[in-house]
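In the text below, chain A, chain B and the rest are named by the order of the sequence lines, each starting its count at 1.
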Amino acid sequence: MSSSDNRDPRFAGGAEKPRVAFWNDPEKRGYLFQIVLFLLVGYLVYMAGYNAVDNLQKQKIASGFGFWNNTAGFDIGQRLISYETTSTYGRAFWVGLLNTLLVAVVGIFFATILGFAIGVARLSKNFLVNKLATIYVELIRNTPLLLQLLFWYNAVLKALPDVKESLALPGGAFLNTRGLFFPEPVPGDKFEAVMWILAAGLVGYFAFGRWAKKRQAATGQQSPVLWVGLGLIVGLPLLAFFALGMPLSFNFPDLGRFNIRGGVQIYPEFVALTLGLVIYTAAFIAEAVRAGIQAVSKGQTEASYALGLRPGPTLNLVVIPQAMRVIIPPLTSQYLNLTKNSSLAVAIGYPDLVQVFAGTVLNQTGQAVEVIAITMAVYLTISLVTSLGMNWYNARKALIER
Amino acid sequence: MKKVLMSVAVGAAVVMAAGAASAQTLNQVKTRGELQCGSNTGLAGFGQPDAQGNWSGLDVDLCRAISAAIFNDPKKVKFVPLSSKDRFTALQSGEVDLLSRNTTWTMSRDTSLGLEFGPVNYYDGQGFMVRKKLKIASAMELSGASVCSQQGTTTELNLADYFRANKLKYEPVIFATSDETIKAYDAGRCDVFTTDASGLYAERLKLTNPDDHIVLPEIISKEPLGPAWRHGDNQWGDIIKWTHYAMINAEELGVTSKNVDEMLKSANPEIKRLLGAEGKFGEAIGLTNDWAYRIIKHVGNYGESFERNVGAGSRLKIARGVNALWSKGGLQYAPPVR
Ligand SMILES: N[C@@H](CCC(=O)N[C@@H](CS)C(=O)NCC(=O)O)C(=O)O
């Protein structure tokens, strides 16, 4: 609403403006209208919000967050932190959230590996590998995830033996319809020392890696990073472990009347959900990877060969680093998708945030608005943090113009 | 600019109007020409659609009876299938006019959810089902078992209480829908399936081999099942309550869907009042005076509905037991029409 074009030509060119009443000055009048409109809209929004809250309270759909510290009264199967029937709704929230984060992290890890493998396979010159990868991608991408999850859950359950016919695996593990049970490590007193040595080994490995990189940049000489790393991370802690008299015992699972008792249990719901999400998301990641690699022009590969690099180093040092710039943004959105899709857990009985909190807690308390608001805020936060991390990684990988 | 203003005003009006809506359910139902009845997604005997989409069941009959009382037509009902966990939000927010779906009347639901309960159309209790081959005779032997049950139910809470009180360990496996729950039990994921005893009989029919399973003798809770409506609309509450009571009173007085026309000529003053030949009881609840006649004519009395849906005339074959009339040793009792 600029007024410059409305100005009387007689007064143009820096001459003093004539004195007019402000309601006759289009500029001021414009501001006035803007302010009035702003107040009006503000008032309406306020009234609408106020009324909505009032109505929700009358229907007892929303009446605050007081329920947070009330006793939950229900149980949850898989939990990463202690939780009992007498715990609070707040505690149940954390149990659900941690279960969501667990599938998300494990899922993202495996989906990335599988996705990259399939993506590279799609560009393979081997006819069989290429076609299999294509079929995988087309089949998985074009069927609904919910159906796939139900399929995996029922397939996992059907394939597993009854408790009484548990499959005994080497090392004292068991597999049956209740999940995978393996010995629970019980660290002894001196085990902490081993962990410290492992930590020191990791730090040493990173320091050595940086030094080796600098040396290669400066002198062109390569260092045996792999061997030194293995020695520091695996060899040293192992040595310490044996030297300290193996300070670790195991709590072996054994067959009770119904279930396996003791040991660590991996639930079939968790396996089915992770499997389903990994397989589904990997198909999309594979497409991103394929697109990324194809975006690197053929000239790059040819130039690399001309410099005498073998196909392996060409892929690792020339193609992949450039492809990553194209891959990372779609990869980020696949990570976000996987996390959000994990809320389909509810269909197969995995106690994630949506099942425990937006499901049971909402129903038992009736606080729909608060519970859904908190749940949405949590997913938003997880997504924003993931995006932030990936953007930071992307910025590091981006082309640095010199 | 004008458009923006208009839409803001309209939006505000919508938000403001929502509150007033909860007061006059009867008028809304009449203007809509249809009752919206929150029902089960599919529980044999209580509320289930057949292949043609025709609903039947004990809880369904209550909605049909209300529709008959209002419209003189038991078919003016839209059944809205609701899972256990979604049902209360749907009722609170006005998506349905009432809930008639094996819902337990508890104090917290009655008070803090802003709902209202009244008549109990089925007295129930929670039970356990296990495989015969486990050779278990009592729930006290269940320590260490995996238990499948459904989310958003009293079942989930009673289960936790029972195992805690008896110091038994268990692993809960909780699903959002009844279908997934029973399927997982069938697939061997759990040793035990638990829900209301009536539900156990109904869900057992869905198993691959129903005869391989038994219901344990323990009943671990009180589950008074009945309709629920929004707190604050007393007229609507009266209609729901008296629809159920009319069906009970009719059974007590021997009025059935077959003899109701003859009964109109009965000399018994109680029958006269019930069927509207005497007094203005229907008008007092905002309906016509032949409201109960319509209910009995179209749907039948409580006993007829029970036998047809869950009793001897159905696949469930549940005995009347505590759901017999008070005069026959049961708990079903209705205040008189007078
Ligand atoms: N009476 C209990 C349980 C009622 C209930 O929802 N039972 C389940 C299992 S029989 C059911 O009807 N599920 C069907 C569904 O969710 O559609 C309650 O009110 O919480």
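Only the backbone of B:Thr153 comes within contact range of chain A, with heavy atoms under 4.5 Å apart. In this structure, chain A has heavy atoms under 4.5 Å from both the backbone and the side chain of B:Ser146. Contacts between A:Tyr50 and chain B at a heavy-atom distance below 4.5 Å are absent for every atom of the residue. Proximity to chain B is limited to the side chain of A:Asp162, based on heavy atoms less than 4.5 angstrom apart. Contacts between B:Leu159 and chain A at a heavy-atom distance below 4.5 Å are absent for every atom of the residue. Only the side chain of A:Thr85 has a heavy atom closer than 4.5 Å to any heavy atom of chain B. With a 4.5 Å cut-off on non-hydrogen atoms, B:Arg189 touches chain A through its backbone and its side chain both. For B:Tyr170, the part sitting under 4.5 Å from any heavy atom of chain A is the side chain, from C-beta outward, and nothing else. Contacts of A:Glu269 with chain B are made by side-chain atoms alone, with heavy-atom separations under 4.5 Å and no backbone atom involved. For A:Glu84, no part lies under 4.5 angstrom from a heavy atom of chain B. In this structure, chain B has a heavy atom under 4.5 Å from the backbone of A:Ile76, while its side chain stays farther away.
There is no side-chain donor-acceptor pair under 3.5 Å between A:Tyr350 and A:Gln355.
Remark: B:Arg131 qualifies as a cation-pi partner of B:Tyr185 under the 6.0 Å distance and 45° angle criteria applied to the six-membered ring.
No side-chain donor-acceptor contact under 3.5 Å links B:Ser149 to the backbone of B:Thr194. Formation of a donor-acceptor pair under 3.5 Å by the A:Arg79 side chain with backbone atoms of A:Leu98 is not found in this model. In terms of modelled atom types and a separation under 3.5 Å, the side chain of A:Thr365 and the main chain of A:Phe67 share no donor-acceptor contact. Distance alone, capped at 3.5 Å, is enough to place a donor-acceptor pair between the B:Asp186 side chain and the B:Thr208 backbone. Put simply, the side chain of A:Ser166 never gets that close to the backbone of A:Phe174: no donor and acceptor are under 3.5 Å apart.
Contacts with chain A were tallied for B:Ser84, B:Cys148, B:Ala145, B:Cys190; B:Ala145 has the most, counting heavy-atom pairs under 4.5 Å. Of the listed residues (A:Arg178, A:Gln364, A:Gln265), the one with the most heavy-atom contacts under 4.5 Å to chain B is A:Arg178. Chain A forms the most heavy-atom pairs under 4.5 Å with one residue out of B:Ala176, B:Gly144, B:Ser83, B:Ser108, and that residue is B:Gly144. The most heavy-atom pairs under 4.5 Å with chain B, out of A:Asn176, A:Asn154, A:Ile348, come from A:Ile348. Between chain B and the options A:Pro351, A:Gly73, A:Gly179, heavy-atom pairs under 4.5 Å are most frequent for A:Gly73.
A tilted orientation is assigned to the rings of B:Phe128 and B:Tyr162, their planes being inclined by 30° to 60°. The aromatic rings of A:Phe74 and A:Tyr83 are tilted relative to each other, their planes meeting at an angle between 30° and 60°.
Between B:Lys206 and B:Asp179 there is a salt bridge, since at least one side-chain N of the basic residue sits less than 4.0 Å from a carboxylate O of the acidic one. Ionic pairing of B:Arg164 and B:Asp161 is present here: one or more N-O contacts between side-chain nitrogen and carboxylate oxygen are shorter than 4.0 angstrom.
Of residues 209-226 of chain B, not one residue has a non-hydrogen atom less than 4.5 Å from any non-hydrogen atom of chain A.
Taking the six-membered ring wherever Trp is involved, the centroid distance between the rings of A:Trp68 and A:Phe93 falls below 6.0 Å.
The environment of CD in A:Glu184 is crowded: more than 12 heavy-atom neighbours from other residues, nucleotides or ligands sit within 6.0 Å.
Between B:Tyr122 and B:Asn102 there is no side-chain heavy-atom pair separated by less than 4.5 Å.
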